[in-house]
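Have a look at the structure below before the remarks.
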Amino acid sequence: MLREGVMPNMFTYSSVLRACDGLLSLTQLHCSIIKAGLESDVFVRSALIDIYSKLGELQNALGVFNEMVTGDLVVWNSIIGGFAQNSDGDEALNLYKRMKRAGFPPDQSTLTSVLRACTGLALLELGRQVHVHVIKFDQDLILNNALLDMYCKCGSLKDANFVFTRMLEKDVISWSTMIAGLAQNGFSREALNLFQSMKDYGAKPNYITILGVLFACSHAGLVEDGWHYFQSMKKLFGIDPGREHYGCIIDLLGRAGKLDRAIKLIHEMGFEPDAVTWRALLGACRVHRNVDLAIFAAKQILKLDPEDAGTYILLSNIYANSQRWDEVAEVRRTMKAKGVRKEPGCSWIEVNKKIHAFILGDNSHPQIDEINSHLNQLIHRLMGLGYVPDTNFVLQDLEGEQSEDSLRYHSEKLAIVFGMISMSRGKTIRIRKNIRICGDCHIFAKLLTKMEQRTIVIRDPIRYHHFQDGVCSCGDYW
DNA sequence: GTAGGGTTAG
């Protein structure tokens, strides 16, 4: 077109922007757009924002957005969607507020992105408020799917079920979301029952559906069922097992203590194992106390992901426990050289529409004294009932947090106690964490739900823990 | 008559 001397217009650019596969071609196009004086066209702007976001270039996307000469609903939706999809829920929600102040009423696309932001931040109460707006757009499939996922990932399966049963139209994403949601929250049986309903209904599972099914089997210790689905997924559903399916099966075998079979499978799977594969094996080592294999798995992880602070700490704890001080020093040197530092544990809890953050070692919460004194009383009472702080960290990634005294102030304990002080007994205490829950906080939460007749839900970066009446939905494996 | 935004795993 350019060679033949035909001038592109806004129609051309908004179409061709979608085809950008790298920053270089996008930058060139963006320059031509500016030269042609077309950068203020709303179609071109939304296309630019969208493609910058899809390439992960949020600052560039925001740059285009902030040249607020012209704008419409789609331009707002592009930038909000961009942040929501790049796991920056906070910024997505800020922009959503700005959009409302600017007088644009949200539509289905806006609400879908806002729900995704709530999902990432585990903001159940805000998600519920968005749900009220969703009702205005009756039966939008994508929006309902986002709503479903929000409730699952915020740990409210009751609400998720409510939405799911009322959806007139369900696609493979609706079914997959619900199956994975049940499984992740520890309701494996229900997940597998739903998978059966899906097949009865005549819906065709895809790659992701099967992942949810295998995840459910592994978490419920259903080794035979899981192995069966894995073996026959190609024949039954026409889906070749991918690396992630192997990851679930390694988790399944490892959980059942079949570490030899898990290793054999890693060698046979026909994919290069990635960090996720080795982490599955490492998780099994932790539960089944296999130190030598854990060292091996940790080293493999660090080869593939040299920035993984948690794994360095775990490795160093293992060496320290066997008095291998040279190796402890070596791990520490490597971390220092690479500038790797473990981020401090942080827990968030939403109370009365406000989000409270608790960070290990940070005493800035206005009610911190009340929380600490309440926590000490609770620990004292729990010890009377047989609670012993779990200070065995050999196969965990705790750093400088190992003494009984500092365990006491782990962020999730503070958040739990704050929830108990500020919410009535019938309300579920819901917490999101940035790092995995430690063994001691896990026992603490279990015993507390028994002693105090409370329900606690903690979402860590990978798993969900529903504590009730002294037991956890994860079955003590995480 | 031609064009832009949203959902599932990891």
Side-chain angles (χ1 to χ4, degrees), chain A residues 8-20 33 38 41-54 61 64-65 70-85 87 92 95-96 99 104 106-120 130 134 137 140-153 160 163-164 167 169-184 191 198 203 205-216 239 242-248 251 274-277 279-280 305 461-463:
Chain A
N9 64 8
M10 57 275 252
F11 288 88
T12 329
Y13 283 118
S14 47
S15 308
V16 92
L17 276 169
R18 300 181 65 157
C20 283
I33 288 166
L38 293 170
D41 179 83
V42 284
F43 283 81
V44 172
R45 290 186 63 215
S46 58
L48 271 172
I49 292 168
D50 185 52
I51 196 70
Y52 272 123
S53 306
K54 289 207 163 64
V64 175
F65 176 78
T70 50
D72 68 357
L73 182 58
V74 179
V75 174
W76 278 104
N77 287 346
S78 304
I79 192 71
I80 293 172
F83 281 101
Q85 284 159 50
S87 329
L95 285 158
Y96 175 57
M99 171 181 156
F104 289 94
D107 71 355
Q108 292 97 315
S109 170
T110 329
L111 296 178
T112 305
S113 296
V114 171
L115 283 170
R116 182 165 170 154
C118 294
T119 305
V130 176
V134 170
F137 302 100
D140 181 297
L141 179 60
I142 296 178
L143 185 49
N144 274 330
N145 284 343
L147 188 62
L148 197 58
D149 192 42
M150 183 277 291
Y151 280 129
C152 287
K153 296 240 169 61
V163 171
F164 188 73
M167 283 171 68
E169 189 193 357
K170 297 182 182 78
D171 64 0
V172 65
I173 295 181
S174 326
W175 290 99
S176 306
T177 302
M178 197 65 209
I179 290 169
L182 285 164
Q184 285 168 331
M198 175 182 181
N206 68 10
Y207 185 98
I208 293 169
T209 322
I210 307 298
L211 271 181
V213 171
L214 296 181
F215 192 88
I239 299 156
R243 197 204 302 273
E244 289 139 311
H245 297 105
Y246 277 94
C248 281
D251 189 67
D274 65 356
V276 179
T277 315
R279 279 196 196 97
D305 186 2
I462 325 190
R463 278 175 172 72

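Note: hydrogens, waters and symmetry copies are ignored here, and every other heavy atom, side chains too, is used. First the proteins, then the strands, lettered A, B, ... as listed; each starts at 1.
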Name the closest nucleotide to the A:Ser109 side chain, picking from B:dA9, B:dA3, B:dG6. B:dG6
Give one of base, sugar-phosphate or nothing for A:Asn144, where a contact means two heavy atoms less than 4.0 Å apart. nothing
By the 4.0 Å heavy-atom rule, please label A:Val75 as base, sugar-phosphate, or nothing. base
Heavy atoms under 4.0 Å, any strand shown: does A:Val276 hit a base, just sugar-phosphate, or nothing? sugar-phosphate
Touch check for A:Thr177, heavy atoms < 4.0 angstrom, all strands: base, sugar-phosphate only, or nothing? sugar-phosphate
What's the closest nucleotide to the side chain of A:Ser14 if the choices are B:dT7, B:dA3, B:dG4? B:dA3
Check every atom of B:dG10, B:dT7, B:dA3 against the side chain of A:Phe11 and return the nucleotide holding the closest atom. B:dA3
Testing A:Val163, A:Thr119, A:Leu115 for side chain to side chain contact (heavy atoms under 4.5 Å, CB included) with A:Tyr151, which one passes? A:Val163
Of all the nucleotides listed (B:dT8, B:dT7, B:dG10), which has the minimum atom distance to the side chain of A:Glu244? B:dG10
Closest to the side chain of A:Ser46, out of B:dA9, B:dG4, B:dG6, is B:dG4
Just call it for A:Lys54: base, sugar-phosphate, or nothing, with non-hydrogen atoms closer than 4.0 Å on any strand. sugar-phosphate
Of all the nucleotides listed (B:dG4, B:dT8, B:dG6), which has the minimum atom distance to the side chain of A:Val74? B:dG4
Does the ring centre of A:Tyr96 sit less than 6.0 Å away from the ring centre of A:Trp76? no
Just call it for A:Asn9: base, sugar-phosphate, or nothing, with non-hydrogen atoms closer than 4.0 Å on any strand. nothing
